[in-house]
Amino acid sequence: MSELILHAKGRCLDLSTPKIMGILNVTPDSFSDGGKFLGFDQAVAQARLMVEAGAAIIDVGGESTRPGADLVPVEEELRRVVPVVKAIAQELDVMISVDTSTPEVMQECVAAGAHLWNDIRALQRPGAVEMASKLDVAVCLMHMQGDPKTMQIKPTYTNVVQEVTDFLHERARVCEQAGIAKDKIILDPGFGFGKNVDENYQLLNNLSKLTQGTDYWLLSALSRKSMIGAATGQSIAADRVVGSVCAAFYSFMQGAHIVRVHDVQETYEALQVFNAIEKYR
Ligand code: YH5
């Protein structure tokens with residue numbers, strides 16, 4: 001029987017019950033947080049609040065990946081992310097994830113205390129898979145059709161669930177071949193990344209299929225995304241909290257091991273209700 005524990009850089013995360021990854025944006029244009037830029041002090045304070053509210057992982061991101069966004073120079077990304085990772089590692093007892101696609105950035109972040117590489121490009125940049133293997137980090141591989149600049153123009157699939165699954169399994173295979181252990185690999189359908197609303201909901205409805213018959217972990221990241229607004233009619237991201245918590249609960253029901261969210265306290269309450277129900281399975 002394989003253990004339900006994710007090991008990364010000397011930290012253990014018990015995934016026998018789902019865990020919450022809190023989003024920490026250190027970008028000047030994260031419109032899902034109302035466009036406010038988190039400077040160093042604010043970022044560390046926000047991380048502290050998320051840990052107190054029940055986050056087991058903090059996901060630090062310095063590259064804007066919203067639809068249509070421009071790329072951020074590596075130096076700028078390093079300037080934003082590394083000091084925050086270092087401070088969290090020193091001050092807080094939490095797993096640290098970094099939302100980046102750049103091998104150099106991940107290398108510096110691991111030196112600063114990071115444990116998990118969260119890559120919306122599924123380690124497809126040159127040298128990324130080799131770097132992940134060398135750093136011995138856990139990895140989250142996400143599906144995206146196209147790139148952030150153009151992905152929402154006209155996504156096309158014949159079978160979105162099958163295509164996303166095939167892509168993720170292929171990327172996981174490449175990682176394993178490079179020496180990354182199965183139990184360090186997390187798969188994520190990438191809600192909103194080159195998918196229309198229907199495709200996003202087909203994926204959510206079939207979420208458990210993405211890792212069925214495998215030993216990979218499953219991550220769901222729907223927090224405040226436009227698919228939630230499409231269902232509730234809430235056009236402002238900050239007004240999508242209730243819808244996001246409901247989608248997180250459905251993700252728990254589909255076997256998601258990790259949910260990536262903005263609203264940690266609200267999602268943690270939903271998780272506690274889920275755990276109370278699951279006790280009687
Ligand atoms: C993801 O899905 N997404 S950054 C638009 C929003 C709300 C939120 C206004 N990093 C993912 O969170 N990492 C991002 O509506 C991610 N999976 C993983 N693993 C975009 C984001 C967001 C965008």
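Order of appearance sets the numbers: ligands from 1, and atoms from 1 within every ligand.
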Contacting atoms of ligand 1, where contact means under 4.0 angstrom from a heavy atom of [X]:
{"X": "His262", "answer": "8 (C)"}
{"X": "Arg224", "answer": "6 (C), 7 (C), 9 (C), 15 (O)"}
{"X": "Ser223", "answer": "7 (C), 8 (C)"}
{"X": "Arg240", "answer": "9 (C), 15 (O)"}
{"X": "Ile120", "answer": "10 (N), 13 (N), 16 (C)"}
{"X": "Ala221", "answer": "1 (C), 2 (O), 17 (N)"}
{"X": "Asp99", "answer": "10 (N), 13 (N), 14 (C), 16 (C)"}

Does ligand 1 come near enough to [X] that some N or O of the ligand is less than 3.5 Å from an N or O of the residue?
{"X": "Asp188", "result": "yes"}
{"X": "Lys225", "result": "yes"}
{"X": "Asn118", "result": "yes"}

Is it the side chain, the backbone, both or neither of Met21 that has a heavy atom closer than 4.0 Å to ligand 1?
neither

Indicate, as side chain, backbone, both or neither, the part of Asp59 found under 4.0 angstrom from ligand 1 when only non-hydrogen atoms are considered.
neither

Smallest heavy-atom separation, Met50 atom then Val264 atom, equals O-CG1, 3.5 Å

What are the two closest non-hydrogen atoms of Met142 and Ala122, and how far apart are they?
O-CB, 3.4 Å

Pair Arg80 + Glu76, salt bridge at N-O below 4.0 Å
yes

N/O donor-acceptor pair under 3.5 Å between Ser220 side chain and Ala256 backbone
no

Run the numbers on Glu170 and Arg173 for salt bridge (Lys or Arg N to Asp or Glu O under 4.0 Å), then give the verdict.
CA-CA 5 Å; Glu170 171 57 18; Arg173 192 191 63 75; 3.0 Å; yes

Is any side-chain heavy atom of Phe252 less than 4.5 Å from a side-chain heavy atom of Asn275?
no

Can you give each donor-acceptor pair under 3.5 Å made by side-chain atoms of residues 102-110, sequence neighbours left out, with the distance rounded to 0.1 Å?
from	atom 1	to	atom 2	distance (Å)
Thr102	OG1	Arg125	NH1	3.1

Which class fits the ring pair Tyr157 and His143: parallel under 30°, tilted 30 to 60°, perpendicular over 60°?
tilted

Test item, Cys140 contacting ligand 1 (heavy atom, 4.0 angstrom)
yes

Donor-acceptor pair between Tyr250 and Gln254 side chains, under 3.5 angstrom:
yes

